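Chain identifiers are assigned alphabetically (A, B, ...) following the order of the sequence lines, protein sequences preceding nucleic acid strands; residue numbering begins at 1 within each chain. Everything numeric in this text was worked out from a predicted model, so none of it was measured.
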Amino acid sequence: MDALISYLVNVISLGGTYALLALGLAVVFSVLGLINFAHGELMTLTGYVLLAGILTGQQFWVAVLIAVLACGLAAVLMEFAAFRPVRNASGATLLMTSFAVSMLLQVLFQNGISARGQAIPVPPWLTTSISIGNSQISKVQVMSITIGILALIALKIFFDRSYWGWAIRAAADDFEVVGLMGIKASRLISFAFLLSGLLAGIAGVLWVVQRGSVDPLMGFKPVLAAFIVAVIGGLGSLTGAVAGGFILSAIEIALQTWLPAGVMPYRDAITYTVVVIILSFFPNGIFGKRDQEKV
Amino acid sequence: MSDTLLTTTGLAVSYGAVKAVRGSDLEVKEGEVVALLGPNGAGKSSTLRAIVGLIKYQGSVTFAGEDLTGAPTERIVSMGISMVPEGRRLFPQLTVRENLLLGAPRKAKIDALFDELLEKLPILRERLNQQAGTLSGGEQQQVALARALMSKPRLLLIDEPSLGLAPTIVDAVYQILADLRKTGLAMVIVEQEVMRVLKFADRAYAMTTGQIALQGRAEDLLASNEIKKVYLGGA
Ligand SMILES: Nc1ncnc2c1ncn2[C@@H]1O[C@H](COP(=O)(O)OP(=O)(O)OP(=O)(O)O)[C@@H](O)[C@H]1O
Ligand SMILES: [Mg+2]
């Protein structure tokens, strides 16, 4: 029972972070048809801004807020500087651009800050635990779960109720026709990057607070996970991104918890095998579009 | 002429080496219904897509006295041109209500318009919360029309309203178009069902291989043999 509770807590906390990341990828994918691999570096940037905030004596929550907003702004600038000039180029060009931006940022972090990891001094009250039954749950995880779930609920309301939410969902279906509705394409794209950046920011805060440090290359692993999540859920599907986040997290944590020590080095290989098996049943992802007639 | 709404002058569209439209001059007057005819690949859709700024073109487009040449689509829509694209192209994952509301400018007061449209197209009221992709073809065409009307256009461009619809449904669609005409809305209708649209339109243009081969009053074209030649590749 206690093992189950702690398993679920871990799954929900990691899954929520994956879901936020994958949603950030999906939102940009909806408007540009691009998987933005520089999304991971946005998380890293969030980590550094958070660190700077804490080191300059800001209240923890103020530092978090600044870090998330800075990440949103950085995403908008990234689109403006890197993707807008190649907007009408092929998908391959866009993808290359995203790799280039990703590596450029990594080098900037390495040379401008430090190649080594920096510890994030989380406030002491966050390092304690609460107990449910006999299991201990760290407050970091409580925070992670709470923020993750609140963010997902807020997004659900945004996508269902707001004009820009409809516009982004519509763009996933048919970007050109969104233009016919009188919506300015470049504004919609900027908006999508802003949203994507804010999501990367929230996920970034949760990520660095959980691992306790930030380093220049740390964005790669989560963005790869988010990419897999998006593929499991169905590229471009928002529901799929959330479902995929929890599925991948459930697989990873299960293996991490119950895999015998001898097989542990194969953990990621086994994870991907399970993912491939899932995809063989759902070639377009679980919530992916079935191949529709193109008109 | 003061009552001219839309003019295109020397409108030309190419896709790489393919010249889809080779310099067409069209005119639509206030409240007029104009048919745009021609065989497959004649350049009808390209003409409409150029007018709303979805593709690059040469030549010029004037609307309501303003030069809209090369203007971005959002400006053209806000000036009062709206289009129902070929194949309708609803947002299939969105509900009917969301499709319609996206058609209106973001901050527009649309309650009255929304109610009026649902009054005209009562089927939609029952379907408001249904995903648009799950509607029948006829219902989708109605949503597509309603969505295009949400921006309160003065000119509606409709690409193949009868595409893939059963004859009785086509009747219903044309009945809706007839009601719209009474409100003074000008229309350009691209249509494969030549006889049907010629009976409905005031004037018509017929294109072949990117050029206007024939133009005139719809009833004159209906009476003459010329239009058949266009479709047989003659003219
Ligand atoms: N995106 C595109 N890329 C390349 N060629 C295109 C493209 N769109 C249209 N064409 C070509 O331009 C020409 C005109 O196409 P258009 O769609 O305007 O014709 P249409 O009159 O609407 O035909 P239909 O009745 O079949 O809808 C055709 O030869 C077509 O193959
Ligand atoms: Mg066409």
Would you find more than 12 non-hydrogen atoms of other residues, nucleotides or ligands less than 6.0 Å from [X] atom [atom1]?
X: Gln58(B); atom1: CD; value: no
X: Phe281(A); atom1: CZ; value: no
X: Arg84(A); atom1: CZ; value: yes
X: Lys120(B); atom1: NZ; value: yes
X: Phe158(A); atom1: CZ; value: yes

Does the side chain of [Y] come within less than 4.5 Å of [X]'s, by heavy atoms?
X: Glu176(A); Y: Arg49(B); value: yes
X: Phe91(B); Y: Val178(A); value: yes
X: Arg147(B); Y: Met181(A); value: yes

_Looking at every heavy atom in both Leu180(A) and Val77(B), which two are closest together, and how far apart are they?_
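So the minimum-distance heavy-atom pair works out to O-CG2, 3.5 Å.
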
*What heavy-atom pair brings Arg89(B) and Val177(A) nearest, and what distance separates the two atoms?*
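Arg89(B) and Val177(A) have their closest heavy atoms at NE-CG2, 3.5 Å.
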
For the atom pair [atom1] ([X]) and [atom2] ([Y]), what is the distance rounded to the nearest 0.5 Å?
X: Leu100(B); Y: Trp166(A); atom1: CG; atom2: CH2; value: 10.0 Å
X: Ser186(A); Y: Glu74(B); atom1: OG; atom2: CD; value: 7.0 Å
X: Gln93(B); Y: Leu238(A); atom1: CD; atom2: CG; value: 9.0 Å

*Indicate yes or no for a side-chain donor-acceptor contact from Tyr163(A) to the backbone of Leu101(B) under 3.5 Å, with no hydrogens or angles considered.*
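No: the side chain of Tyr163(A) does not pair with the backbone of Leu101(B).
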
*Could you tell me whether a side-chain N or O of Asp173(A) sits under 3.5 Å from a main-chain N or O of Leu90(B), the two making a donor and an acceptor?*
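Checked: no pair found.
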
_Option in Glu98(B), Arg75(B), Met83(B) with maximal non-hydrogen atom pairs under 4.5 Å from chain A_ =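 The candidate making the most pairs under 4.5 Å is Glu98(B).
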
_Residues Leu102(B), Arg169(A); criterion side chain to side chain contact (heavy atoms under 4.5 Å, CB included); working and verdict_ = CA-CA 11 Å; Leu102(B) 262 185; Arg169(A) 283 165 55 217; over 6 Å; no

*Under 4.5 Å from a heavy atom of chain A, the part of Ala148(B) involved*: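 Neither part.
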
